[in-house]
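Take a look at the structure set out below.
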Amino acid sequence: MHFAGTTIMVLLIVATLMTRYWGFLWLLPIAGYGFAWFGHFVFEHNRPATFKYPFYSLLGDWVMYAQLLTRRIHFDSSRDAK
């Protein structure tokens with residue numbers, strides 16, 4: 001869910017820069033936080049770190065995104081536990 005939300009954020013930023021339609025920017029927090037919070041509340045049944053550490057939460061999302069893109073961590077989390 002984090003990866004999906006961050007990917008949508010990247011696409012929104014690209015679309016904003018290409019079209020110069022700044023109305024897309026208000027969707028950034030909805031895409032980023034919405035997908036992540038949904039994953040935490042529905043699948044993981046825990047509270048997102050955003051509420052207590054908003055900066056570190058945002059930074060952590062981007063670090064995880066980069067690690068997923070470079071295959072340092074896997075989409076299948078059961079493979080990381082081995």
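One is the number of the first residue; the rest follow in order along the sequence. All heavy atoms count here, side chains included; hydrogens, waters and symmetry mates do not.
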I need the M64 CE to L59 CG distance, nearest 0.5 Å. 11.5 Å
Take Y33 and L28 through the side chain to side chain contact (heavy atoms under 4.5 Å, CB included) test and state the conclusion after the steps. CA-CA 8 Å; Y33 288 120; L28 290 175; over 6 Å; no
Counting neighbours of CZ on F55 that are heavy atoms of other residues, nucleotides or ligands and sit closer than 6.0 Å, is the number greater than 12? no
Closest non-hydrogen atoms of H40 and N46, given as atom of the first, atom of the second and distance, are ND1-OD1, 2.6 Å
Shared hydrophobic cluster, F51 / Y56 (ILVMFWY, side-chain heavy atoms < 4.5 Å): no
Within this structure, what is the NE2-OG1 distance for the pair H2 and T7, rounded to the nearest 0.5 Å? 12.5 Å
Within a radius of less than 6.0 Å around CH2 of W26, do more than 12 heavy atoms belonging to other residues, nucleotides or ligands occur? no
So does L12 get a backbone contact from the side chain of T16, meaning a donor-acceptor N/O pair under 3.5 Å? yes
Is there a path of hydrophobic side-chain contacts, each under 4.5 Å between heavy atoms of I/L/V/M/F/W/Y residues, joining W37 to W62? no
If I compare all heavy atoms of A49 with all of S57, which pair ends up nearest, and what's the gap? C-CB, 4.1 Å
Please round to the nearest 0.5 Å and tell me the distance separating atom CZ of F3 and atom CG of D61. 12.0 Å
Decide whether I30 and I13 are clustered together by the hydrophobic rule: side chain heavy atoms of Ile, Leu, Val, Met, Phe, Trp, Tyr closer than 4.5 Å, transitively. yes
Aromatic contact between F35 and F38, with the criterion being ring centroids under 6.0 Å apart: yes or no? no
Cluster question for you: counting only ILVMFWY and a side-chain heavy-atom cut-off of under 4.5 Å, with indirect links fine, are L58 and L69 together? yes
So which heavy atom on F41 is nearest to which on R47, and how close? CE2-CA, 4.4 Å
If I take atom CD1 from residue I8 and atom CG from residue L27, how far apart are they, to the nearest 0.5 angstrom? 10.0 Å
Minimal heavy-atom distance between G32 and M9, with the atoms involved, is CA-SD, 3.3 Å
